[in-house]
Amino acid sequence: MHYDFFAPPQIHFGWDRFQEAGILAASLGSRALIISGSRSLETNGVLDELKSLLSRAGISSEHIRTISHEPEVTDVDQVTNILQHHTQGTGDFLIGIGGGSGIDLAKACAAMITNRESETVLDYLEGVGQGLQLKAKPLPLMAIPTTAGTGSEATKNAVISSYAPAFKKSLRSPEMIPDIILCDPKLACSVPPEITARTGMDAITQLLESYISCRAQPIPQALSLQGLKLAIPALPQAVADGNSRTGRESMAHAALLSGIALANSGLGMAHGVAPALGTHCRIPHGLACAVMLPSTLKANRSVCEMQYADIARHLDPGLSLSDAGAADSLIEQIEALNASIGIPATLSELGVTSEQIPALVADSRGNSMRGNPREISDDELTGILQDLL
């Protein structure tokens with residue numbers, strides 16, 4: 001065996017542990033600059049409560065920005081400029097609270113505020129711009145996820161979009177892993193069923209793809225198995241009853257594990273195509289992953305039958321099927337899960353047309369696709385997407 005393993009230095013997980021936000025943040029500095037990922041955090045009082053918890057711990061705070069969409073190049077540049085006028089040096093740190101969008105924006109800005117070789121994040125993104133590297137350590141960062149999906153709280157990258165030109169690329173460095181993760185599953189209780197379903201399938205896709213990735217590593221694979229055993233039964237429960245403590249705890253833990261797994265092992269075809277579906281068709285990331293997942297499992301079945309069988313038997317130790325039968329049962333289980341929580345079975349239901357497929361294929365060749373367990377040619381991917389219409 002020969003591998004490296006990256007993990008967040010501090011994870012604080014548990015129901016109602018949001019109340020510890022001030023105590024935990026005190027180790028990062030004396031002034032918190034807050035970036036949030038949903039207007040609902042303002043209207044339901046969560047941001048006010050966060051500021052109060054920080055104040056009680058002797059930490060001053062300022063809410064810098066709320067973002068209600070996946071972060072774009074302009075968002076990162078604008079918020080970084082705002083932060084430049086607010087930061088005072090020693091003692092300043094960031095808090096990213098919300099779903100993946102808010103946390104990704106906070107991670108990107110924490111890195112960009114200390115790396116000013118260029119004034120735009122575009123020049124630091126993979127595959128576009130000048131290819132600049134992040135050299136200086138980002139500002140300290142606490143991540144507080146309020147949805148269970150992207151695992152962004154545990155990853156070493158931030159996904160940044162553009163629509164003119166259309167791309168979705170990563171800003172990436174091991175230094176971007178948040179210093180502290182505070183994961184309170186109770187914060188997700190107000191997330192609507194539709195968003196719970198989409199974000200939950202993003203986590204499940206990440207767990208599956210990292211397990212079968214050509215870069216798969218043993219520790220992340222073990223984490224993925226635990227995450228899948230929690231998430232697959234828990235997601236329908238959380239969708240049906242948003243206040244289910246068991247459902248929310250299981251999904252929050254599974255999403256956290258999915259972030260650690262993908263940060264170490266990479267992903268695959270579903271996550272390769274999802275960014276293109278986002279930039280060209282404006283399909284939310286989790287929904288795109290969910291629709292692509294069954295086709296991804298089928299496309300990789302020829303080289304992953306044993307892995308699929310291992311996963312199926314982990315989910316059901318009493319399963320008495322051959323490897324081929326167990327592999328088929330896993331694919332069927334994922335298709336049934338999608339159907340049970342209202343995920344469409346086709347891309348056409350999401351408004352995708354055959355005319356868009358060439359652009360989708362061309363823009364699916366990012367880092368995630370390179371993790372797929374076998375090579376998928378442009379012609380094959382075209383056929384897969386056509387069959388999904």
Side-chain angles (χ1 to χ4, degrees), residues 100 148-152 154-155 197-236 250-275 277 285-316 319 323-324 326-341 343 345 364 367-374 376 384 388:
T150 67
S152 178
T155 65
R198 295 174 181 181
T199 56
M201 284 308 300
D202 187 15
I204 287 172
T205 303
Q206 289 169 175
L207 292 164
L208 284 167
E209 288 200 303
S210 64
Y211 189 91
I212 65 172
S213 165
C214 63
R215 306 167 185 161
Q217 301 292 349
I219 296 175
Q221 283 186 317
L223 299 180
S224 291
L225 288 175
Q226 184 191 33
L228 288 167
K229 190 151 190 172
L230 288 170
I232 288 177
L235 182 54
S250 295
M251 287 310 304
H253 190 57
L256 174 63
L257 295 180
S258 80
I260 298 172
L262 78 87
N264 288 278
S265 293
L267 294 164
M269 189 182 88
H271 274 84
V273 177
L277 288 169
H285 177 75
L287 180 57
C289 289
V291 175
M292 287 301 305
L293 181 56
S295 292
T296 298
L297 293 174
K298 292 173 185 176
N300 290 313
R301 190 191 181 289
S302 62
V303 296
C304 295
E305 180 178 281
M306 181 61 74
Q307 290 100 312
Y308 292 0
D310 288 343
I311 294 169
R313 292 179 181 123
H314 182 78
L315 297 174
D316 181 5
L319 194 64
D323 288 346
D328 288 340
S329 75
L330 176 66
I331 297 172
E332 291 165 2
Q333 188 172 10
I334 295 301
E335 289 179 319
L337 175 59
N338 268 353
S340 73
I341 58 175
I343 300 295
S364 294
N367 187 62
S368 291
M369 187 66 88
R370 290 192 287 274
N372 201 65
R374 73 175 184 87
I376 306 289
I384 290 169
L388 266 174

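Just so we're clear, the structure is a prediction, and the values are computed from it rather than from any experiment. Below, each value reflects all heavy atoms present in this structure, side chains not excepted, and no hydrogens, waters or symmetry copies.
Rounded to the nearest 0.5 angstrom, Ser210 OG and Gln217 CD are separated by 11.0 Å. With values rounded to the nearest 0.5 angstrom, Ile341 atom CD1 is found 4.0 Å from Leu235 atom CG. For the atom pair CG (Asp310) and SG (Cys304), the distance works out to 11.0 Å, reported to the nearest 0.5 Å. Ile212 contributes atom CD1, which lies 10.5 Å from atom OG of Ser224 (distance to the nearest 0.5 angstrom). In this structure, Leu208 CG and Gln307 CD are separated by 11.5 Å, a value rounded to the nearest 0.5 Å. Rounding to the nearest 0.5 angstrom, the gap separating the CZ atom in Arg374 from the CD1 atom in Ile376 is 3.5 Å.
Checked by atom type, the side-chain pair Asp202/His271 shows a donor-acceptor distance below 3.5 Å.
Residues forming a side-chain contact (heavy atoms from CB on, under 4.5 Å) with Asp316 (at least two apart in sequence, or on another chain): Leu319. Applying the side-chain hydrogen bond (donor to acceptor under 3.5 Å, both in side chains) test to Thr199 and every residue at least two apart in sequence or in another chain returns nothing. Remark: Arg215 engages no residue in a salt bridge (charged side-chain N to carboxylate O under 4.0 Å, His left out) (not counting sequence neighbours). For the side-chain contact (heavy atoms from CB on, under 4.5 Å) test, residues two or more places apart in sequence or in another chain that qualify with Leu225 are Tyr211, Ile311, His314. In terms of the side-chain contact (heavy atoms from CB on, under 4.5 Å) criterion, residue partners of Ala154 (sequence neighbours excluded) are, by chain and number, Pro8, Ile181, Leu256, Ile260.
No option in Leu262, Leu297, Asn300, Leu267 other than Leu267 meets the side chain to side chain contact (heavy atoms under 4.5 Å, CB included) test with Glu209.
Between Met292 and Leu388 the shortest side-chain heavy-atom distance falls below 4.5 Å. In this structure, the side chains of Asn338 and Val291 stay at 4.5 Å or more apart for every pair of heavy atoms. Counting heavy atoms from C-beta on, the side chains of Ile204 and Leu337 come closer than 4.5 Å. Looking at heavy atoms from C-beta onward, Asp323 lies in side-chain contact with Arg313 at the 4.5 angstrom threshold. The side-chain heavy atoms of Leu315 and Leu330, taken from C-beta on, include a pair separated by under 4.5 Å.
Residues Gly200 and Met251 come closest through the heavy atom pair CA-CE, 3.7 Å. Here the shortest heavy-atom pairing between Pro220 and Ala261 reads CB-CA, 3.8 Å. Taking each heavy atom of Ala255 and Gly149 in turn, the nearest pair found is CB-N, 3.4 Å. In plain terms, the two heavy atoms of Cys214 and Arg370 that are nearest each other are SG-O, 3.3 Å. The nearest pair of heavy atoms linking Ala290 to Met201 is CB-CB, 3.5 Å. Scanning all heavy atoms of the two residues, the minimum distance from Ala254 to Gly227 falls at CB-O, 3.5 Å.
A side-chain donor-acceptor contact under 3.5 Å links Ser213 to the backbone of Gly371. Distance alone, capped at 3.5 Å, places no donor-acceptor pair between the Ser250 side chain and the Ala234 backbone.
Evaluation of the side chain to side chain donor-acceptor pair (under 3.5 Å) test over residues 326-335, restricted to residues two or more places apart or in two chains, returns Lys298-Glu335, Arg301-Asp328.
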